[in-house]
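Single-structure report; data block below.
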Amino acid sequence: MIGYGVAAHGGVGSPESFADGCLAACESAFILLESGKSALDAVVEAVRVLEDDGRFNAGSGSVLRLDGKTIEMDAAVMDSDRNIGIVIAVRDVKNPVLVARSVVDTPHVALAGQGATLFARKRGFPPLGRVSQFALARYENLRRLMRKGGFADKDLRWRGHDLRSLWNYEGPYDDIMSCDTVGAVAIDRKGILAVADSTGGASPMLLGRVGDSPMVGSGFYAGPSCATAATGIGEEIIRRMLAKSVYDMVSRGDDMRVACEKGTAMFPREIPVGIVGMSRGGYGISSNRPMATSVLLKER
Ligand code: ASP
């Protein structure tokens, strides 16, 4: 049995050599758990650290949209006491997860677009500032891919679709694959379970595109049985409601580790997907591509 603990991931596809960033996130969250703070505080702290890292596709590392200018970010928090806060397509905010946490203290559970951005400004959350070198490099990779002949063979969502005819950015079609997301799950001394995630999205994507990360039951879920955080191609995760599917497996008696493995096995190999989960009995991590992760636990 786990007394308290936290697990974090840097997104499916993130190199395992980035695990030091996940460890830093877990260490910062673990200090909070040790001092008696809530699982919600802990996951928010872990994801904030990952957002500020710059190597992951969240916060200052968020992937630029296809116009090379726009950044739209999603983030969510939830705990087993039914606290939920979500921001969708928020712009120009340094730490979307802190804004999502702040939504918990409103009458709503989700804020989107301009309303989310204005809410963040009003609550005094700092603007994004400069995006990281990693985010810029990721965008340059996309452009290279386009010049070489497109990305449809790299990203099955785009097979049979013509980007030029779907282009919805204000600027003209120019030229333009990456995905990653960060997430954390935790359990506190009282046995409350929580999850937080944050992403710049799965590129290439149209303006306004929303993935699984801010969708309850798809990218994240927390309840009395466990907390789960998914990563991968959002459209496919939403079709299978991955986070809630894995949650239900644990509720029906599966071990957390086994449930995570069954979760990723729901996807064909060509779809990158990963999930981390935390229950009172243990944690689980599974992915079908490399994924930077870290876990810190205090056994009972
Ligand atoms: N799930 C995220 C999205 O589709 C991306 C990721 O996890 O890599 O927006």
Side-chain angles (χ1 to χ4, degrees), residues 7-16 18 21-22 46-47 50-51 53 55-59 61-66 70-78 86-91 96-97 100 110 112-113 116 134-135 138-139 141-142 151 154-158 177-185 195-221 228-246 260 263-264 266-267 270-277 285-293:
H9 74 76
V12 66
S14 57
E16 280 154 11
F18 289 3
C22 298
V47 168
L50 291 164
E51 286 178 340
D53 184 296
R55 290 175 293 176
F56 304 107
N57 174 17
S62 291
V63 64
L64 283 82
R65 300 262 163 164
L66 300 180
T70 313
I71 295 181
E72 292 179 321
M73 298 165 288
D74 305 323
V77 303
M78 181 176 189
I86 297 166
V87 286
I88 300 170
V90 68
R91 294 190 186 192
V97 76
F134 279 85
R138 224 177 256 134
Y139 182 69
N141 265 343
L142 269 182
F151 44 73
K154 298 265 186 237
D155 184 339
L156 55 82
R157 292 175 306 167
W158 284 92
M177 167 171 151
S178 95
C179 78
D180 279 346
T181 283
V182 301
V185 287
V195 55
D197 66 23
S198 182
T199 189
S203 202
M205 57 196 159
L206 296 174
L207 195 64
R209 175 267 185 190
V210 180
D212 60 301
S213 303
M215 298 213 183
V216 60
S218 293
F220 70 97
Y221 198 77
T228 54
T231 166
I233 299 292
E235 286 77 359
E236 298 299 325
I237 292 174
I238 292 167
R239 290 188 176 104
R240 294 165 180 84
M241 291 191 69
L242 176 60
K244 182 65 163 53
S245 299
V246 169
C260 287
T264 49
M266 289 161 54
F267 295 76
E270 60 182 342
I271 298 170
V273 67
I275 188 159
V276 299
I285 297 176
S286 178
S287 62
N288 63 9
R289 299 283 190 288
M291 180 167 85
T293 59

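Atoms within a ligand are numbered from 1 in the order they appear, just like the ligands themselves. A quick note: this is a predicted structure, and the numbers were derived from the prediction, not measured. In what follows, residues are counted from 1 in the order of the sequence shown.
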contact_flag Gly232 ligand 1 heavy-atom lt 4.0 Å: yes
By number and element, which atoms of ligand 1 are closer than 4.0 Å to a non-hydrogen atom of Thr231? 6 (C), 7 (O), 8 (O)
With respect to Ile233, determine whether any N or O atom, backbone or side chain, lies less than 3.5 Å from an N or O atom of ligand 1. no
Can you sort out the partners of Phe18 under ring pair (Phe, Tyr, Trp, His ring centres under 6.0 Å), two or more places apart, ordered by chain and number? Phe56, Phe134
Pick, from Met73, Glu235, Arg209, the option with the minimum heavy-atom distance to atom 4 (O) of ligand 1. Arg209
Got Leu242 and Tyr221 here, is their nearest side-chain heavy-atom distance under 4.5 Å? no
By number and element, which atoms of ligand 1 are closer than 4.0 Å to a non-hydrogen atom of Ser213? 1 (N), 2 (C)
Heavy atoms, side chains only, cut-off 4.5 Å: are Cys260 and Val276 in contact? no
Side chains of Val77 and Val97 in contact at under 4.5 Å (non-hydrogen atoms): yes
Taking distance alone, with no angle check, do Ile237 and ligand 1 share an N/O pair under 3.5 Å? no
Is there side-chain contact between Arg240 and Val273, with heavy atoms separated by less than 4.5 Å? no
Applying a strict 4.0 Å limit to heavy atoms, is Gly11 in contact with ligand 1? no
So do the side chains of Leu207 and Glu72 get within less than 4.5 Å of each other, counting heavy atoms only? yes
Any Asp212 heavy atom less than 4.0 Å to ligand 1: yes
Check ligand 1 against Thr181 and write out every atom of the ligand that is under 4.0 Å from a heavy-atom position of the residue. 1 (N), 2 (C), 5 (C), 6 (C), 7 (O), 8 (O)
Where at least one partner belongs to residues 196-217, residue pairs that pass salt bridge (Lys or Arg N to Asp or Glu O under 4.0 Å), sequence neighbours excluded: Arg209-Glu235
Taking only heavy atoms of Gly201, which atoms of ligand 1 are found under 4.0 Å from at least one of them? 9 (O)
